[in-house]
Peer 1: 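Starting off with a structure, shown below.
We count residues from 1, following the sequence as given.
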Amino acid sequence: MFDVLIYLFETYIHTASGMQVDQDKLTDDLTSVGFERKDICNALGWLEKLAFMQETNALPYTSCQKPHLIRIYAYEEVMRLDSTCRGYLLFLEQIQVLTPETREMVIDRVMALDAEQLDLEDVEWVVLMVLFNVPGHEYAYKQMEALLFEYNDGYLN
């Protein structure tokens with residue numbers, strides 16, 4: 001599923017038309033590239049949930065954030081996100097690339113991936129996807145892109 005998400009992100013990020021709206025055609029195109037239908041459906045569901053989160057502001061637990069509060073991770077989150085990943089999310093929040101809301105969206109979308117444990121590069125991809133898909137965070141997306149691509153000859157860390 002994660003490979004499908006990365007493929008979609010890399011393929012459609014710079015196209016003028018954006019992602020195709022016709023889900024059947026998109027599924028057929030992805031199948032012809034070599035992805036399995038199950039992974040495609042899971043990836044599209046992952047993207048739909050991201051769209052739902054930003055459209056409905058379905059993050060009631062972030063409404064009373066105070067600057068001095070810190071995010072406490074649940075056991076399941078700690079098992080999936082090592083200390084490097086959690087520290088990186090904190091760093092991104094401290095430099096205001098992530099807000100409490102987008103941080104929670106990133107954590108939610110990371111937890112929805114079909115991998116037992118993720119490395120920092122996986123989390124960086126999810127951050128990019130979330131910031132790209134949430135209106136009003138264009139500057140944060142550009143900051144994140146600069147952090148990842150500026151000094152690496154165009155490659156993600």
Side-chain angles (χ1 to χ4, degrees), residues 1-21 23 26 30 35 39-65 67 69-74 76-152 154-157:
M1 171 180 82
F2 194 55
D3 291 334
V4 176
L5 289 168
I6 291 173
Y7 178 84
L8 287 171
F9 185 72
E10 288 181 328
T11 303
Y12 294 103
I13 187 171
H14 296 296
T15 62
S17 62
M19 284 190 55
Q20 301 170 9
V21 180
Q23 189 168 340
L26 181 60
L30 291 169
F35 293 112
D39 292 333
I40 295 167
C41 290
N42 288 342
L44 294 177
W46 189 94
L47 289 169
E48 286 175 11
K49 174 68 177 183
L50 176 58
F52 171 77
M53 290 176 75
Q54 60 101 9
E55 285 176 6
T56 60
N57 194 16
L59 303 168
Y61 39 82
T62 61
S63 61
C64 63
Q65 289 288 332
L69 297 179
I70 189 162
R71 169 66 155 78
I72 305 297
Y73 287 84
E76 296 81 15
E77 295 168 340
V78 171
M79 294 294 99
R80 301 275 310 275
L81 294 165
D82 65 16
S83 60
T84 303
C85 295
R86 295 189 312 270
Y88 191 69
L89 291 175
L90 177 61
F91 164 72
L92 292 176
E93 192 173 356
Q94 289 174 338
I95 65 169
Q96 299 179 344
V97 168
L98 292 177
T99 64
E101 291 81 9
T102 55
R103 178 201 63 218
E104 292 304 315
M105 292 173 88
V106 167
I107 293 169
D108 181 84
R109 297 296 72 214
V110 163
M111 295 302 293
L113 293 173
D114 58 358
E116 285 187 32
Q117 189 169 15
L118 301 156
D119 61 21
L120 184 57
E121 184 177 331
D122 299 333
V123 173
E124 290 169 340
W125 276 110
V126 173
V127 170
L128 278 174
M129 289 182 225
V130 167
L131 292 175
F132 180 77
N133 284 289
V134 178
H137 293 279
E138 292 80 9
Y139 181 71
Y141 174 81
K142 290 201 179 298
Q143 284 181 294
M144 184 67 185
E145 210 174 28
L147 281 172
L148 298 176
F149 296 109
E150 191 169 286
Y151 301 107
N152 295 311
Y155 295 103
L156 188 63
N157 282 338

Peer 1: Taking atom CG of Leu147 and atom CG of Leu128, what is their separation to the nearest 0.5 Å?
Peer 2: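 It comes to 9.5 Å.
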Peer 1: Would you indicate whether the side-chain heavy atoms of Ile95 and Phe91 approach each other to under 4.5 Å?
Peer 2: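 Of all side-chain heavy-atom pairs linking Ile95 with Phe91, at least one is under 4.5 Å.
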Peer 1: Using the side-chain contact (heavy atoms from CB on, under 4.5 Å) rule, take Tyr139 and Gln96 through it: C-alpha gap first, then chi angles, then the decisive distance, then the call.
Peer 2: CA-CA 10 Å; Tyr139 181 71; Gln96 299 179 344; over 6 Å; no
Peer 1: State, yes or no, whether a side-chain contact exists between Met129 and Ile6 at a heavy-atom distance under 4.5 Å.
Peer 2: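 The answer is yes; the side chains approach within 4.5 Å.
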Peer 1: Heavy atoms only: give me the nearest Met1-Trp46 pair and the separation to one decimal.
Peer 2: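 Minimum heavy-atom separation between Met1 and Trp46: CE-CD1, 4.0 Å.
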Peer 1: Specify the closest pair of heavy atoms between Arg109 and Met53, including all atoms of both residues, with the distance to one decimal.
Peer 2: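 Between these two residues, the closest heavy atoms are NE-SD, 4.1 Å.
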Peer 1: Just wondering, are more than 12 heavy atoms of other shown residues or ligands nearer than 6.0 Å to OH in Tyr73?
Peer 2: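 Check passes, neighbour count above 12.
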Peer 1: Ion pair present between Glu77 and Arg86, side-chain N to carboxylate O less than 4.0 angstrom?
Peer 2: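 Salt bridge between Glu77 and Arg86, a charged N being under 4.0 Å from a carboxylate O: no.
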Peer 1: What distance separates Glu93 CD from Tyr88 OH, expressed to the nearest 0.5 Å?
Peer 2: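 Result: 13.5 Å between the selected atoms.
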Peer 1: Ignoring hydrogens, what is the shortest heavy-atom contact between Ala140 and Val97? Give both atom names and the distance.
Peer 2: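 The pair with the smallest heavy-atom distance is CB-O, 3.2 Å.
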Peer 1: Within this structure, what is the OG-CG distance for the pair Ser83 and Leu90, rounded to the nearest 0.5 Å?
Peer 2: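 Between atom OG of Ser83 and atom CG of Leu90 there are 12.0 Å.
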Peer 1: Side-chain contact test, heavy atoms from C-beta onward, threshold under 4.5 Å: evaluate it for Leu5 versus Leu113 and give yes or no.
Peer 2: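 The answer is yes, as the side chains (C-beta and beyond) meet within the 4.5 Å cut-off.
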Peer 1: Report yes if some heavy atom in the side chain of Leu98 is under 4.5 Å from a heavy atom in the side chain of Leu131; otherwise report no.
Peer 2: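 Yes, close enough: below the 4.5 Å cut-off.
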Peer 1: What is the minimum heavy-atom distance between Val110 and Arg80, and which atoms define it?
Peer 2: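 Val110 and Arg80 have their closest heavy atoms at O-NH2, 3.3 Å.
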Peer 1: About how many Å separate CG of Asp108 and OG1 of Thr102, when rounded to the nearest 0.5 Å?
Peer 2: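 CG of Asp108 is found 12.5 Å from OG1 of Thr102.
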Peer 1: Looking only at non-hydrogen atoms, find the nearest pair between Asp114 and Phe2 and report the distance.
Peer 2: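 Closest heavy-atom pair between Asp114 and Phe2: OD1-N, 4.2 Å.
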Peer 1: Could you check if a side-chain atom of Leu26 sits within less than 4.5 angstrom of a side-chain atom of Leu8, using non-hydrogen atoms only?
Peer 2: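 Of all side-chain heavy-atom pairs linking Leu8 with Leu26, at least one is under 4.5 Å.
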Peer 1: Are the side chains of Asp82 and Leu120 in touch, meaning some heavy atoms are under 4.5 Å apart?
Peer 2: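 In short, these two side chains do not touch, never coming nearer than 4.5 Å.
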Peer 1: Within the side chain of Glu138, is there an N or O that forms a donor-acceptor pair under 3.5 Å with the backbone of Gly136?
Peer 2: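 Yes, because the side chain of Glu138 sits within donor-acceptor range (under 3.5 Å) of the backbone of Gly136.
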Peer 1: Do His137 and Thr99 make a side-chain contact, defined as non-hydrogen atoms from C-beta onward lying under 4.5 Å apart?
Peer 2: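 Side-chain contact under 4.5 Å: yes.
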Peer 1: What do the steps show when you test Leu89 against Arg71 for side-chain contact (heavy atoms from CB on, under 4.5 Å), and what is the final call?
Peer 2: CA-CA 10 Å; Leu89 291 175; Arg71 169 66 155 78; over 6 Å; no
Peer 1: Are any of the side-chain heavy atoms of Met105 and Leu50 separated by less than 4.5 Å?
Peer 2: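 Counting from C-beta outward, Met105 and Leu50 do come under 4.5 Å.
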